[in-house]
Amino acid sequence: MPKSRIRKKDDFTPPPAKQQSIKLHSGRRWVAPVMLALFLIGLAWIVIFYVTGSDMPIESLHNWNIVVGFGFIAAGFVVSTQWK
């Protein structure tokens, strides 16, 4: 039986590497500082409320001061969704 021809395979050439560069959008520079500021304001609000024995930050809100503090923290999470 005759032997079949052996086909030579082409040498593998990897595709050209794409240069990946990290591009920071200059329009979104405000997101990280605002997010951190809201987190810290919310945390400080709650800590001040507990440390002062509910006399501060706003005495007339009583336990609603906790909700205000968590509101600032939640707003920080909402702002964090804008980060790219």
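- Under the 4.5 Å side-chain heavy-atom criterion for grouping Ile, Leu, Val, Met, Phe, Trp and Tyr, Phe39 is connected to Ile46 within one hydrophobic cluster.
- Distance CD1/Ile41 to CG/Leu36: 11.0 Å, rounded to 0.5 Å.
- With sequence neighbours left out, Glu59 forms a side-chain hydrogen bond (donor to acceptor under 3.5 Å, both in side chains) with no residue at all.
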Hey, can you pull the donor-acceptor pairs under 3.5 Å for the side chains in residues 63-82, sequence neighbours left out?
unit_1 : atom_1 : unit_2 : atom_2 : d
Asn65  : OD1    : Trp45  : NE1    : 3.2
Asn65  : ND2    : Ile58  : O      : 2.8
Asn65  : ND2    : His62  : O      : 3.0
Ser80  : OG     : Phe77  : O      : 2.5
Thr81  : OG1    : Val78  : O      : 2.6
Gln82  : OE1    : Arg28  : NH1    : 3.0

